[in-house]
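The next block holds one structure in the form of structure tokens; read it before the comments.
Worth saying up front: this structure is predicted, and the values here are computed from it rather than measured. Order of the sequence lines sets the chain letters (A, B, ...), proteins ahead of strands, with each chain counted from 1.
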There are 2 protein chains.
Amino acid sequence: MRATTGSREGAPQLRADARRNIELILAAAEACLARNPDASMSDIAAEAGLGRVTIYGHFASRQVLVEAVVRRVLAAADAALDEVDLSGDAAAALERLVDATWRVTMRSGSLLVAAEKALPATVVRQAHAGGLEERVRGFFTTAQASGAFRSDLSADWLMAIFHAIVHVAANEIDAGRLDPDQASSTITSTMLAILGASPFPGGEATPA
Amino acid sequence: MRATTGSREGAPQLRADARRNIELILAAAEACLARNPDASMSDIAAEAGLGRVTIYGHFASRQVLVEAVVRRVLAAADAALDEVDLSGDAAAALERLVDATWRVTMRSGSLLVAAEKALPATVVRQAHAGGLEERVRGFFTTAQASGAFRSDLSADWLMAIFHAIVHVAANEIDAGRLDPDQASSTITSTMLAILGASPFPGGEATPA
DNA sequence: ACTAACTCAAACACCATTGTTTGACTTCGG
DNA sequence: CCGAAGTCAAACAATGGTGTTTGAGTTAGT
């Protein structure tokens, strides 16, 4: 091996199987860490069907690997959320946002926990800040400014609550107390209540 | 030492300093684990100002110690919440409940994480179930039945959201994005919105 | 004051993990 | 088909945790 890059640099021209294995490793690491943030390199290697040493051939350390996985997942999330139409009726836009966020979160699982444990914490926040957070915060603030959402709770607080509720839904499903099919609508309903907005026509049922 | 009990059993009649040290250990473990769920026995011993071996003299293993701490904290929480008057106006009762819960949570920190990592998970849920959860769930269900809170979200979901929001508040304070003095009122305001209830007279400001 | 209870530092065995090296083996690419 | 690139099992050192033993020192209780 030349330099245990793990990312693109000059142009080492990796062989085809090497590139394929890097992909396997990243996918395996993503799956393992989503299940258990403390997954070891052996676990990941086994999941990838490769030798543990092979991983070190491409990623210099566990930290480097975790960082690569986090970047990858966050990039995918960013791309997925970029597709979401946040214009038009705020309540309808929120439902679309929740749907997309929910799908993304299902894939990531406890990966964020692994990240915050193995990374300097500045890396995690910086990676989140680039695009992802800004997009959601922008949606909340403009909807607040237009009067569609209440303004007495800060956009930061709303974002934090939003993320937390999504995670709660995942936990509740895991505990068997929430039907997976109802997760998205339950999250939307809860968020709409917090935001002080009426459900859009055809959306959630209004309480008596 | 006789039997490394850690709890009451027959009646070994511990000496005064032993009893005092057990108290020190439990307090130190509570503080350490609240800070870092992975705190080692050495960390805890240092925090208590005792030798590591002394801990093993009273608690047979790390798991036993963590379990004891969890029980202790949960008992204290249960006692604190037992003091709360949950009768009368539902919104006012909620504010009292939030206040008490917030105070309790401030002390526990990430201890619950430590518990779920070191304990068989059945122990944790069982310990929670005894009194604590039942009291809160009971409050939600009766308030829902009386029409004070919306009924289209399950009491389980509401409880989970409640706990999550309290934790979010702690994190946001930690990140410097939330004023500690406003935490309790922000939580109350958010929960009232979710519950579809109007703030009680003299409570939170209503959004336009 | 005397004894039993308790504490504690040091050293031990044990285990899981990370990260490295070696040398034989397999596969890609020209 | 041949050489370079890549893989991998085995073995290695280093680290850091848990749990135990020992033996000497300290403290409580009577």
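Here the P atom of nucleotide dT17(C) and the NZ atom of K117(A) are 13 Å apart, to the nearest Å. To the nearest angstrom, P of dC8(C) lies 9 Å from CD1 of I25(B). In this structure, the CG atom of L65(B) is 13 Å from the C1' atom of dT18(D), given to the nearest Å. The separation between L24(A) atom CG and dT27(C) atom P is 15 Å, rounded to whole Å. Atom pair Q63(A):CD and dT18(C):C1' shows a separation of 13 Å (rounding to whole Å applied). Put simply, OH on Y56(B) is 16 Å from P on dC14(C), counting in whole angstrom units. D17(A) places its CG atom 15 Å from the C1' atom of dG30(C), with the value rounded to the nearest Å. Rounded to whole Å, atom P of dG19(D) lies 13 Å from atom CZ of F59(B).
Taking the six-membered ring for Trp and thresholds of 30 and 60 degrees, F140(B) and F149(B) have ring planes inclined between 30 and 60 degrees apart.
Taking 4.0 Å as the cut-off between side-chain N and carboxylate O, E23(A) and R72(A) count as a salt-bridged pair. Ion pairing between a basic and an acidic side chain is recognised when a charged N comes within 4.0 Å of a carboxylate O; R35(A) and E47(A) show such pairing.
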So T101(B) and R96(B), side-chain hydrogen bond (donor to acceptor under 3.5 Å, both in side chains) or not? Walk me through it. CA-CA 9 Å; T101(B) 304; R96(B) 291 192 290 268; over 6 Å; no

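Out of dT20(C), dG6(D), dG19(D), the shortest distance to the side chain of S61(B) is found at dG19(D). Considering only side-chain atoms of R62(B), the nucleotide from dT18(D), dA4(D), dT27(D) that sits closest is dT18(D). Checking dT18(C), dT7(D), dC6(C) against the side-chain heavy atoms of L14(B) singles out dC6(C) as nearest.
Residues S154(A) and R137(A) have side chains that never bring a donor and an acceptor to within less than 3.5 angstrom of each other.
A close approach under 4.0 Å does not occur between any side-chain nitrogen or oxygen of H58(B) and OP1 or OP2 of dC6(C). Contact between the side-chain N/O atoms of N21(A) and the OP1/OP2 oxygens of dG6(D) is not found at any separation under 4.0 Å. OP1 or OP2 of dC28(C) lies within a sub-4.0 Å distance of a side-chain N or O belonging to R20(A).
Of the residues L112(A), V66(A), V73(A), the one that meets the side-chain contact (heavy atoms from CB on, under 4.5 Å) test with L33(A) is V66(A).
A heavy atom lying under 4.0 Å from DNA chain D marks the following residues of residues 34-55 of chain B, by number: S40(B), M41(B), R52(B), V53(B).
Heavy-atom distances to DNA chain D give each of A16(B) and R19(A) a nearest nucleotide, and the one nearer the 5′ end belongs to R19(A).
Put simply, the side chain of R19(A) gets close to the backbone of L14(A): a donor and an acceptor are under 3.5 Å apart.
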